[in-house]
Amino acid sequence: MMSDNESRNMLTNVGWSWVWLACVFCLPLFFGCVPQGGRTNTSTSNTTTSSAADSDVSHPPETEAEMVADIEADIALPAAKPADQPAAPPAGKAEAEKTGSKKLHHEKPLPNKETPLIPRRVFFGNPEKARARISPDGARLAYLAPVDGALNVWVGKAGDLAAAKPITLDTHRGIRTFYWAYTSRHILYVQDHDGDENFHLYAVDLDSGEISDLTPFDDIAARVEGVSEKFPEEILVGVNDRDNHQLHDIYRINIATGERKLLQLNPGFAGFMADDDYHIRFAVTFTPDAGQLYLTPDGEKWKEFLKIGSVDAMTTNALGFDASGEKLYFLDSRNRDTAALKLLDIKTGQEELLAENAKADISGAMTHPTKKHVQAVTYTYDRRKWIVLDDSIQADLDYLKTVADGEIQITSRTLDDQTWTVAYIMDDGPVRFYLYDRAKKEAAFLFTSNPALENLPLVKMHSEIIPSRDGLELVSYLSLPAGSDAKTPGRPDQPLPLVLLVHGGPWARDSWGYNSQHQLLANRGYAVLSVNYRGSTGLGKEFINAANREWAAKMHNDLVDAVDWAVEQGVAQREKVAIMGGSYGGYATLVGLTFTPDLFTCGVDIVGPSNLVTLLQNPPPYWMPFMPVMKLRVGDYSTEEGRDFLRSRSPLFFVDKISKPLLIGQGAKDPRVKQAEADQIVAAMNEKKIPVTYMLFQEEGHGFARPENRFAFYAVTEAFLAQHLGGRYEPIGDAFSGAVFTIPSGQNGAPGLEAALQAKE
């Protein structure tokens with residue numbers, strides 16, 4: 001995603017054309033697809049993440065460092081040396097003390113039987129602080145922190161963090177996304193209602209304390225479409241308030257007065273792309289065959305500028321303009337496999353290749369806050385790596401590498417580019433934030449996102465490349481219980497129960513980094529494996545296109561191959577393998593228990609669709625421009641032949657094959673995978689007298705945002721897994737306190753569940 005205070009059109013307006021919907025069935029910020037890396041955000045910034053590579057909605061329950069990883073990781077800073085050179089060694093004790101930090105890595109873990117049981121609240125609670133952002137003028141610092149249990153935005157002087165105060169008033173679900181306006185005295189944030197994804201955009205005047213709804217319309221999903229330092233009090237916002245709410249018109253909104261002016265009426269496009277002068281330069285839409293079409297204004301009409309075929313549509317898209325507005329930064333996979341970064345002269349069509357990698361798509365670009373040129377890019381095969389294009393930032397990166405362990409990420413920069421906020425991400429500890437003075441080459445420690453994670457026996461995440469049966473490389477990530485791999489790191493001394501954790505999307509990816517689900521499950525005694533099955537992003541167009549119409553087929557074969565690999569490698573016990581995931585990962589769980597019922601011991605489905613026909617027939621209205629893509633890549637829901645095909649890939653119609661225990665978690669307000677998807681498979685299982693435990697959260701959408709609901713769900717999940725895999729678990733106890741849910745089916749489906757329900761009542 002992009003940092004908040006610097007104008008960058010890269011992945012702003014066009015950002016959602018493929019990008020914004022790239023993870024249509026991913027979990028949102030709170031429950032997504034990418035454990036630490038890569039979401040595309042349609043805000044503005046100096047740093048961007050490409051749509052096709054590291055898509056949104058990142059990983060599991062959004063907790064502290066995970067939320068930070070999700071919010072921060074995709075704005076990573078490039079390594080100071082070329083990607084093929086080794087990184088500098090970690091900073092020593094003296095340097096750590098000098099910068100106000102301390103080592104986060106615990107001593108060598110004890111054997112698992114002696115490893116303390118870490119309370120799940122540590123993994124799934126809110127961060128203590130997260131998302132440090134410097135104002136454009138450098139005078140103030142903003143961050144997220146709880147107020148009475150709900151995340152809110154806090155602001156204070158940049159040099160006096162202790163004096164910061166909350167400036168928003170949320171008391172329920174908490175605020176996850178905020179931006180600095182170029183005025184440096186306004187904070188912008190978005191909020192929906194109980195996960196319905198009808199987002200409104202709000203502005204907070206820091207001088208008066210007044211909070212204004214800039215988009216006071218019913219049933220809309222507002223999104224920031226552009227900001228520019230040239231117009232500090234105005235922003236471009238997409239609002240779908242017309243007719244059936246399918247199309248977003250572009251408004252120019254004054255954040256101080258709330259005045260709205262229609263800039264561009266949408267005649268039927270997926271999105272628009274504006275420059276820093278707020279001129280609409282391109283419209284973007286999907287063709288009937290799932291390609292992309294870029295058009296330029298031609299009086300009152302539009303003329304074709306560029307047409308991209310469906311084979312390249314997920315790995316080719318415009319990012320934004322250079323300072324002149326005459327050249328376009330472009331990700332391009334045409335006539336190649338992986339997406340390269342190019343600079344395209346709009347008038348002449350001449351292209352300049354800026355960066356490429358043979359194994360992975362270029363997935364992000366760091367651009368100068370005012371000069372607008374790309375300074376570095378990122379790509380991720382198994383680990384995120386950077387290519388520096390501008391030598392002027394080299395010394396900064398060299399210094400920052402000595403400050404703390406972890407992957408460096410620049411989260412915001414002042415307009416004069418003298419002050420940066422910097423985050424350090426790791427796989428076995430909380431995120432650390434610093435305020436960096438470029439002139440002095442000094443980084444002042446701000447805070448860690450979750451001090452409770454420090455010095456705990458957290459585990460490392462190991463990158464693995466698993467071959468599929470037809471020769472694809474499945475980039476995967478393995479976590480093991482502490483002390484279980486004493487002989488060979490990354491391989492347990494004896495096979496373990498395994499949890500196969502499947503990411504959502506499916507057009508997203510798993511990445512290296514802190515992951516609360518991995519840590520919880522490893523602490524409970526399980527090996528945990530996350531697999532980038534075909535269709536995952538960032539690994540080239542051939543890998544994505546290999547998933548077309550392969551739901552419950554080759555995409556599932558990849559997961560089966562990963563389980564077989566884990567057994568062959570001595571990682572997993574063949575008879576004790578669980579499958580678990582959210583969104584597409586929930587669908588994969590249902591597929592696992594219906595299409596390969598003998599492979600898995602049990603399953604945990606979180607907001608997963610059960611019937612692809614009803615899923616595709618009932619999307620949110622603003623998804624309609626994207627539906628040609630769904631027809632190509634999933635199946636054609638508009639014809640009887642297509643519906644027959646989709647039914648053949650839908651677990652609902654194979655319920656009688658289920659023979660293993662199933663736990664389902666669903667949000668009642670989910671606009672993507674609606675409650676009916678869970679209701680119908682639970683009803684079918686009940687009719688056939690097949691046991692299923694169903695937790696329905698009335699105040700949640702596509703994932704669980706409120707910590708109280710996360711505590712409740714994961715209390716049941718770990719008890720459920722322990723019953724069937726034999727691992728450890730923390731008793732449910734008072735985990736239901738403050739949670740809002742019902743259990744329509746299977747109230748005895750996990751140890752202690754009935755007693756906890758009675759105590760709750």
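The figures that follow rest on heavy atoms only: side chains count, while hydrogens, waters and symmetry mates do not. Numbering of residues begins at 1 and proceeds along the displayed sequence.
Asp670 and His702 share a donor-acceptor pair across their side chains, judged by distance under 3.5 Å alone. Between the side chains of Asn748 and Glu754, no donor-acceptor pair is found at a separation under 3.5 Å. For the 3.5 Å distance criterion, the side chains of Ser745 and Asn686 qualify, holding a donor opposite an acceptor. Counting only N and O atoms by type, the side chains of Thr742 and Gln698 include a donor and acceptor under 3.5 Å apart. At a cut-off of 3.5 Å, with distance as the only test, a side-chain donor of Asp213 or His200 sits close to an acceptor on the other residue. At a cut-off of 3.5 Å, with distance as the only test, a side-chain donor of Tyr533 or His503 sits close to an acceptor on the other residue.
Residues forming a side-chain contact (heavy atoms from CB on, under 4.5 Å) with Pro497 (at least two apart in sequence, or on another chain): Tyr526, Gln573, Lys576, Leu725. For Ser610, the side-chain contact (heavy atoms from CB on, under 4.5 Å) test picks out Leu590, Leu652, Glu677, Gln680, Ile681, with sequence neighbours left out. By the side-chain contact (heavy atoms from CB on, under 4.5 Å) test, Tyr189 is found to be paired with Thr168, Ile175, Phe178, Gln191, Tyr202, Val204, Ile211, residues two or more places apart in sequence or in another chain being considered.
Note: Tyr143 and Trp154 have parallel aromatic rings, judged against thresholds of 30 and 60 degrees for the angle between ring planes. In this pair, Tyr584 and Trp551 present their aromatic rings perpendicular. The plane angle is above 60°, beyond the 30 to 60° band.
Remark: side-chain polar atoms of Arg173 are not paired, donor with acceptor, to backbone N or O of Asp170 under 3.5 angstrom. Using modelled atom types, one side-chain atom of Asn240 and one backbone atom of Ala221 make a donor-acceptor pair closer than 3.5 Å. Checked by atom type and distance alone, the side chain of Ser449 never pairs as donor or acceptor with a backbone atom of Pro430 at under 3.5 Å. In terms of modelled atom types and a separation under 3.5 Å, the side chain of Ser479 and the main chain of Ala522 share no donor-acceptor contact. Put simply, the side chain of His245 never gets that close to the backbone of Tyr622: no donor and acceptor are under 3.5 Å apart. Using modelled atom types, one side-chain atom of Thr589 and one backbone atom of Val604 make a donor-acceptor pair closer than 3.5 Å. Side-chain atoms of Asn523 come within 3.5 Å of backbone atoms of Ile118 as a donor-acceptor pair (strictly under, hydrogens ignored). Remark: side-chain polar atoms of Arg120 are paired, donor with acceptor, to backbone N or O of Glu730 under 3.5 angstrom. Side-chain atoms of Asp241 never come within 3.5 Å of backbone atoms of Ile220 as a donor-acceptor pair (strictly under, hydrogens ignored).
Other residues, nucleotides and ligands place no more than 12 heavy atoms under 6.0 Å from the CG atom of Asp148.
Taking the six-membered ring for Trp, Phe736 and Phe741 have ring centres closer than 6.0 Å. Remark: aromatic rings of Phe124 and Phe711 are distant, center separation not under 6.0 Å.
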